Amino acid sequence: MGLTGLRPRSEDKELSGNIKHKLDKKLGFYAKVRDTVVALAAKKAITKKNKVRRRQKKVKAYDLSSLSEFLPSLDALQKPPRQTEFKLNSKSRKQLVVKEAHQLKAVLNNETFKLDPLAAIHQHLQATQPVEEVSRQKKTVKTAKKSKKKTTKSSAAQSMEF
């Protein structure tokens with residue numbers, strides 16, 4: 001027990017220079033981390049504001065509500081939905097076959113069909129299918145251009161024969 005007191009206690013002695021240096025480095029590192037976190041949070045807030053501004057600009061760019069007064073109403077444009085998209089299972093298939101059979105019997109028993117079948121079919125199609133004027137005009141323009149090209153080719157060939 002006589003050897004006590006040979007080494008100085010750390011409590012008695014103030015922090016040595018090496019320990020002070022390490023502690024200062026740690027505190028400096030933590031301060032840099034704190035500053036970086038604050039800077040990143042601020043940057044994130046700025047980018048969020050920019051994104052919101054961009055979205056608002058896009059919304060303004062696509063805002064066509066002022067043109068709605070010139071468009072026709074939706075009620076006039078809506079057509080009744082077609083029933084072509086129905087589930088075809090065995091029950092609905094049987095019902096369809098029965099329905100088509102009744103229609104076929106009615107057509108075969110029709111007097112106009114018995115007299116002239118092609119004329120009756122033609123008359124039925126004219127009554128049920130609307131004729132599209134626009135598509136006919138487009139076709140006539142295209143065929144007119146083609147016919148003009150053919151006539152110019154044929155006239156050039158005739159002039160060479162002389």
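The residues of the chain are indexed from 1 along the displayed sequence. Atom set for the values below is all heavy atoms of this structure, side chains included, hydrogens, waters and symmetry mates excluded. What you see is a predicted model; the values in this text were computed from it and never measured.
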Student: Output the distance between atom OG1 (Thr47) and atom CG (Leu40), rounded to the nearest 0.5 Å.
Tutor: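 Answer for the OG1-CG pair, Thr47 versus Leu40, is 10.0 Å.
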Student: Who clusters with Ile121? Use side-chain heavy atoms, under 4.5 angstrom, across I, L, V, M, F, W and Y, and order the result by chain and number.
Tutor: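 Reading the cluster by chain and number, Ile121 sits alongside Leu104, Val107, Leu108, Phe113, Leu125.
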Student: Drop me the distance from Asp116's CG to His122's NE2, to the nearest 0.5 angstrom.
Tutor: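 Rounded to the nearest 0.5 Å, the CG-NE2 separation comes out at 11.0 Å.
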Student: Side-chain contact test, heavy atoms from C-beta onward, threshold under 4.5 Å: evaluate it for Arg93 versus Asn89 and give yes or no.
Tutor: no
Student: Can you tell me how far OG1 of Thr128 sits from CD of Gln123, rounded to the nearest 0.5 angstrom?
Tutor: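 Answer rounded to 0.5 Å: 10.5 Å.
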Student: Which pairs pass side chain to side chain donor-acceptor pair (under 3.5 Å) with one or both residues in residues 21-42, sequence neighbours excluded?
Tutor: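 Every pair satisfying side chain to side chain donor-acceptor pair (under 3.5 Å) with a residue in residues 21-42: there are none.
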Student: Taking atom NZ of Lys99 and atom OG of Ser92, what is their separation to the nearest 0.5 Å?
Tutor: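 OG of Ser92 is found 11.5 Å from NZ of Lys99.
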